[in-house]
Amino acid sequence: LGDELKCSTPRAQRTGSTTHWRDVFMGLAEMLSPADGLVQEKCDYDLVMPLALLFYYSVLYAPHIPPDSELLLKAASIYHSFLTWPVPYCDVFRELLTFISDELKAPGISFQRLVRTEQGLPVKNYQSSTVTVLLLNHSEVQSEFLSIAEKLSGTEPPRQAALILLLEHLYQVTFGTCCDLDSLHCLLKAKTLEELSEIYASAAEAQEIAAASSDPVLARERLQGVLRDIAGAAALPAIAGDAQSRRLQPIPIPTSRCYTYSWDQDNFGKQRGVSIPL
């Protein structure tokens, strides 16, 4: 499993990957759910948080979870019993149950919200932005770390690339192998920034509406219908009616916006002329 997970970042894996990503992520998540049941029986406080986080990230990164899978429902039934645990454990699992509820109604919405927030891509009625700021004292930080920090600060994914990534993720996580991701990627690259922004705004709004619904099955069906209509109107590849033999492809979370500033000795918080773009 460790060797397979090392392959998760390069976009080159879009075409030549030999890793069965569905098996990797689904297998990990399924192992964690019953494991947490054992943790509860033994009241093992040291393991419960790491296992909860591993489950969260395995679902967050999963390319697609089939609608007929009982993975999330099984996890929710186990995690619900942790609400009787003391703080902060009960708070963590309350948030995890909300996460599962959203994913049941609008697959991949947590990934979408995270990337939008970190890349500063607001959506109508859902505007949120996060900026990572590194305040560094060059005399106290190793040169290797400074080099990495400055590199991160100097690179910001183009808005067009971020929108393409989000649309690819949204369609694959919703439709699985019924979506031809390679063809979708080629057609999206040919779109202008304005066209991509309009397509994504409509798709993201549909996903948020689904997440706000009360019936998970109906919410997913309506979301799929809207996304099919959006694809048709934008001349994107048609969604196949049945699962295809193609493999699911991992879509990494892009590096968040990061800005690096330095200060001299004790002037923390007294920077003058510092402007952080939001």
Side-chain angles (χ1 to χ4, degrees), residues 21-30 32-33 55-80 94-117 123-126 163 165-181 183-184 188 199-234 236-251 253:
W21 287 101
R22 173 180 170 182
D23 294 340
V24 171
F25 290 111
M26 294 292 290
L28 176 59
E30 287 176 348
L32 288 172
S33 294
F55 176 84
Y56 168 80
Y57 281 106
S58 67
V59 174
L60 183 71
Y61 278 92
H64 173 69
I65 296 179
D68 58 353
S69 170
E70 296 183 354
L71 164 67
L72 296 179
L73 291 175
K74 287 169 59 179
S77 65
I78 293 173
Y79 295 150
H80 190 272
R94 186 174 293 107
E95 293 182 8
L96 198 55
L97 287 169
T98 300
F99 163 74
I100 292 174
S101 175
D102 288 344
E103 292 294 322
L104 284 170
K105 294 178 286 188
I109 192 169
S110 302
F111 180 105
Q112 294 281 320
R113 288 170 173 169
L114 176 62
V115 174
R116 283 203 309 262
T117 299
V123 175
K124 183 180 179 181
N125 299 327
Y126 306 98
L163 289 172
L165 180 144
L166 284 168
L167 283 167
E168 290 174 349
H169 173 269
L170 180 51
Y171 273 88
Q172 178 175 251
V173 78
T174 302
F175 296 105
T177 57
C178 294
C179 171
D180 186 345
L181 202 63
S183 297
L184 178 62
L188 289 175
I199 295 171
Y200 183 69
S202 300
E205 183 176 8
Q207 194 181 42
E208 291 291 346
I209 291 174
S213 302
S214 57
D215 186 332
V217 175
L218 185 59
R220 287 197 304 268
E221 290 177 351
R222 289 177 175 173
L223 175 60
Q224 290 179 355
V226 173
L227 292 179
R228 288 179 188 273
D229 292 340
I230 292 173
L236 299 178
I239 305 299
D242 299 312
Q244 304 298 299
S245 59
R246 63 178 72 97
R247 289 176 178 171
L248 295 170
Q249 301 180 29
I251 298 179
I253 294 178

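- For the atom pair CG (L236) and CG (L167), the distance works out to 7.5 Å, reported to the nearest 0.5 Å.
- Side-chain N/O atoms of S110 and E103 include a donor and acceptor closer than 3.5 Å.
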Set out, in order, the CA-CA distance, both residues' side-chain angles and the distance that settles side-chain contact (heavy atoms from CB on, under 4.5 Å) for Y61 and I251, then state yes or no. CA-CA 8 Å; Y61 278 92; I251 298 179; over 6 Å; no
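- The backbone N or O of Y171 lies less than 3.5 Å from no partner atom in the side chain of T174, so there is not a single donor-acceptor pair.
- A 4.5 Å side-chain heavy-atom check between L170 and F111 finds every atom pair outside the cut-off.
- Here the side chain of R220 pairs no donor or acceptor atom with the backbone of K105 at under 3.5 angstrom.
- The residues R113 and D102 are annotated as salt-bridged, a charged nitrogen and a carboxylate oxygen being separated by less than 4.0 angstrom.
- For R222, the CZ atom counts as loosely surrounded, since its 6.0 Å shell holds 12 or fewer non-hydrogen atoms of other residues, nucleotides or ligands.
- Of all heavy-atom pairs spanning I100 and A75, the tightest one is CD1-CB, 4.1 Å.
- Taking OG of S77 as the reference point, atom CG of L72 lies at 11.0 Å (rounded to 0.5 Å).
- L184 approaches P237 most closely through the heavy-atom pair N-CG, 3.6 Å.
- Distance check, rounded to the nearest 0.5 Å: OG of S202 to CD of Q207 gives 13.0 Å.
- Of the possible polar contacts, one joining the Q172 side chain to the Q249 backbone as a donor-acceptor pair under 3.5 Å is found.
- By the ring-ring contact (aromatic ring centres under 6.0 Å, His included) test, Y200 is found to be paired with no residue, residues two or more places apart in sequence or in another chain being considered.
- With contacts defined as side-chain heavy-atom distances shorter than 4.5 Å, the pair L223/S213 does not qualify.
- Atom CG of residue L181 and atom CG of residue L248 lie 9.0 Å apart, to the nearest 0.5 angstrom.
- Nearest heavy-atom pair, L60 versus F99, reported as atom, atom and distance to 0.1 Å: N-CZ, 4.3 Å.
- Using a 4.5 Å heavy-atom threshold, the side chains of V217 and L104 count as separate.
- In this structure, CG in D215 is found 8.0 Å from CD in E221, a value given to the nearest 0.5 Å.
- In this structure the side chain of T177 never reaches within 4.5 angstrom of the side chain of R247, judged on heavy atoms.
- S69 contributes no side-chain N or O that, together with a main-chain N or O of I65, makes up a donor-acceptor pair within less than 3.5 Å.
- A donor-acceptor contact shorter than 3.5 Å links the side chain of Q112 to the backbone of L166.
- Other residues, nucleotides and ligands contribute more than 12 heavy atoms inside 6.0 Å of the CD atom of Q244.
- Interatomic distance, L227 CG to F175 CZ, rounded to the nearest 0.5 Å: 5.0 Å.
- Taking every heavy atom of both residues into account, A210 and A219 meet most closely at O-CB, 3.5 Å.
- In this structure, S58 contributes its side chain and F55 its backbone to a donor-acceptor pair below 3.5 Å.
- Of the charged side-chain nitrogens involved, at least one lies within less than 4.0 Å of a carboxylate oxygen, so that E208 and R116 count as a salt-bridged pair.
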